[in-house]
Asks: 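This is the structure I want to talk about, given as structure tokens.
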Amino acid sequence: VVDFISGVDTPSVWELNIWYHTLNAGFRTRISGETDFPCIYDDKVGLGRSYVKLDKLSYRGWIDGIRDGRSYIGDGKSHLIDFTVNGTEVGTSNSEIELQAGGKAHVTVKAAAFLDPYPDPRFHDLGYEKKPYWDVERARLPETREVAVELIVNGAAVASKNLLADGQLREMSFDAEISKSSWIALRILPSSHTNPIFAIVDSKPVRASRRSAQWCLAAVDQCWSQKAPRIRAS
């Protein structure tokens, strides 16, 4: 019943923690960019962005792309375009591929990011709980003009490659061995994140983490404990 969870408008640690646990438990909730103007950021809209691949520009098509996950989110300063696993593009074919246990996932993407040649001093030792929560400057690798593009499998970074953040679009690829049904995504943390592609092994659903399922249940129980006193039985 939940099509997407919002991202980019609060600390990335909070948002991705919720989303990763949800995906690990087998739900297929997508992620979408949000500004929450003017509640969290009041300077302008569009700080949290959703980039949807469309065959034809239309609002209906954009909505469908958000629902189907044919998209990525970010701050607009880095991009992860045409993400595929074994030739299947995210948001197509139900974002699903079939594998046998131990099968290889070959991941491709066109990635770009832009950083000034020298670090912005305002971000030096800036805590993750301080605004701006998502920004490519936070992704800068120390003493470089590079960011890390990470391959995520079931919430864990299993591979990483450095990307020169000069604004140029570059083709990148990764390979990972998949032992059980899993979700696969790419990120430049905390600047951009793709929606997932689901690798189904031996026709079994994604059940990546018992702890994640327990976390989801505890979160619902905690929410209910706060709401229940204000709800009459009638």
Asks: Please examine the side chains of Phe123 and Glu137, heavy atoms only from C-beta on, and report whether any two atoms are closer than 4.5 Å.
Replies: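 When only atoms from C-beta onward are counted, Phe123 and Glu137 do touch, with a gap below 4.5 Å.
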Asks: For the backbone of Glu150 and the side chain of Ser160, can you confirm whether one donor and one acceptor N or O come within less than 3.5 Å of each other?
Replies: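 Side chain of Ser160 to backbone of Glu150: no pair is present.
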Asks: Should Gln100 and Val201 count as side-chain neighbours, where that means a heavy-atom distance under 4.5 Å?
Replies: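 They are not in side-chain contact.
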Asks: Can you tell me if Glu177 uses its side chain to pair, donor with acceptor, with the backbone of Gly103 under 3.5 Å?
Replies: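 Flag not set: sc Glu177 to bb Gly103 has no pair under 3.5 Å.
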Asks: If we only count heavy atoms from C-beta on, is the Trp183 to Ile152 side-chain gap below 4.5 Å?
Replies: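 Yes, at least one pair of side-chain atoms sits under 4.5 Å.
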Asks: Determine whether a donor-acceptor pair (N or O, by modelled atom type, separation under 3.5 Å) exists between the side chain of Ser182 and the backbone of Lys180.
Replies: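 Yes: the side chain of Ser182 pairs with the backbone of Lys180.
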Asks: Whether the side chain of Lys161 engages the backbone of Ser173 through a donor-acceptor N/O pair (distance < 3.5 Å, no angle test) should be reported.
Replies: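 Answer holds: yes.
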Asks: Under 6.0 Å between ring centres: does that hold for His79 and Tyr51?
Replies: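 Yes.
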Asks: Atom CG in Leu80, atom NZ in Lys110: separation rounded to 0.5 Å?
Replies: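 NZ of Lys110 is found 13.0 Å from CG of Leu80.
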Asks: Compare all side-chain heavy atoms of Phe174 with those of His106 and state whether any distance is below 4.5 angstrom.
Replies: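 Side chain of Phe174 against side chain of His106, heavy atoms only: no contact under 4.5 Å found.
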Asks: Within this structure, what is the OG1-CG distance for the pair Thr144 and Asn162, rounded to the nearest 0.5 Å?
Replies: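 Thr144 OG1 to Asn162 CG: 7.0 Å, rounded to 0.5 Å.
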Asks: Return the CG to OG distance between Asp64 and Ser71, rounded to the nearest 0.5 Å.
Replies: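 One gets 11.5 Å once the value is rounded to the nearest 0.5 Å.
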Asks: Phe114 ring centre to Arg145 NZ or CZ under 6.0 Å, with the angle to the axis within 45°?
Replies: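 The answer is yes; both the distance and angle limits are met.
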Asks: Within a radius of less than 6.0 Å around OH of Tyr41, do more than 12 heavy atoms belonging to other residues, nucleotides or ligands occur?
Replies: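 Counting other residues, nucleotides and ligands, OH of Tyr41 exceeds 12 neighbours.
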Asks: Do you know which of Val107, Thr108, Val149 makes side chain to side chain contact (heavy atoms under 4.5 Å, CB included) with Met172?
Replies: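 Single pass found, and it is Val149.
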Asks: About how many Å separate NZ of Lys131 and CG of Leu126, when rounded to the nearest 0.5 Å?
Replies: 12.0 Å
Asks: For residues Ile5 and Tyr133: do they belong to one hydrophobic cluster (side chain heavy atoms under 4.5 Å, members Ile, Leu, Val, Met, Phe, Trp, Tyr)?
Replies: yes
Asks: More than 12 heavy atoms of other residues, nucleotides or ligands under 6.0 Å from CD1 of Ile231: yes or no?
Replies: yes
Asks: Does the side chain to side chain contact (heavy atoms under 4.5 Å, CB included) test come out yes or no for Ile81 and Lys53, once each step is laid out?
Replies: CA-CA 9 Å; Ile81 299 170; Lys53 186 170 184 179; over 6 Å; no
Asks: Taking Ser181 for the side chain and Lys204 for the main chain, is one N or O donor matched with an acceptor at less than 3.5 Å?
Replies: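 Indeed, once roles are kept as given, a pair shorter than 3.5 Å links the two residues.
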Asks: Can you name the nearest heavy-atom pair linking Val8 to Gly48, along with the distance?
Replies: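 Where Val8 meets Gly48 most closely, the heavy atoms are CG1-CA, 3.4 Å.
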Asks: Please check if Val206 and Ile18 belong to a single hydrophobic cluster, counting links between Ile, Leu, Val, Met, Phe, Trp and Tyr side chain heavy atoms closer than 4.5 Å.
Replies: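 Yes; tracing contacts between hydrophobic side chains, which count when under 4.5 Å, links both residues.
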Asks: For Gly91, does its backbone N or O pair with a side-chain atom of Arg30 as donor and acceptor, under 3.5 Å?
Replies: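 Checking the backbone N and O of Gly91 against the side chain of Arg30, no donor-acceptor pair under 3.5 Å is found.
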Asks: Would you check if the side chain of Ser58 reaches a backbone N or O of Gly61 as a donor-acceptor pair within less than 3.5 Å?
Replies: yes
Asks: Is it the case that Ser50 and Ser32 place a side-chain donor and acceptor less than 3.5 Å from each other?
Replies: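 Indeed, the side chains of Ser50 and Ser32 share at least one donor-acceptor pair under 3.5 Å.
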Asks: For the pair Trp215 and His21, name the ring-plane relationship: parallel under 30°, tilted 30 to 60°, perpendicular over 60°.
Replies: parallel
Asks: How many angstroms lie between CH2 in Trp134 and OG in Ser78, if you round to the nearest 0.5 Å?
Replies: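 Answer for the CH2-OG pair, Trp134 versus Ser78, is 9.0 Å.
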Asks: For Glu98, does the CD atom have more than 12 heavy-atom neighbours from other residues, nucleotides or ligands under 6.0 Å away?
Replies: no
Asks: Report yes or no: do Ser209 and Asn24 form a side-chain donor-acceptor pair below 3.5 Å?
Replies: no
Asks: Flag the pair Asp55 / Arg70 as yes when at least one side-chain heavy-atom distance between them is below 4.5 Å, and no otherwise.
Replies: yes
Asks: Look at the side chain of Arg138 and the backbone N and O of Asp135, then say whether any donor-acceptor pair between them is shorter than 3.5 Å.
Replies: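 Flag not set: sc Arg138 to bb Asp135 has no pair under 3.5 Å.
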Asks: About how many Å separate CZ of Arg187 and CD1 of Ile31, when rounded to the nearest 0.5 Å?
Replies: 11.5 Å
Asks: Take atom CZ in Arg170; do more than 12 heavy atoms of anything else shown fall under 6.0 Å from it?
Replies: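 Counting other residues, nucleotides and ligands, CZ of Arg170 exceeds 12 neighbours.
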Asks: Pick one: which of Val85, Ile184, Leu23, Thr88 meets side chain to side chain contact (heavy atoms under 4.5 Å, CB included) with Phe198?
Replies: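 Of all the options given, the one that passes is Leu23.
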Asks: Please answer whether the main-chain N or O of Ala101 pairs with a side-chain N or O of Ser179 as donor and acceptor at a distance below 3.5 Å.
Replies: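 Side chain of Ser179 to backbone of Ala101, a donor-acceptor pair under 3.5 Å: no, none is there.
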Asks: Does the side chain of Asp75 come within less than 4.5 Å of Leu47's, by heavy atoms?
Replies: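 A side-chain contact under 4.5 Å is absent here.
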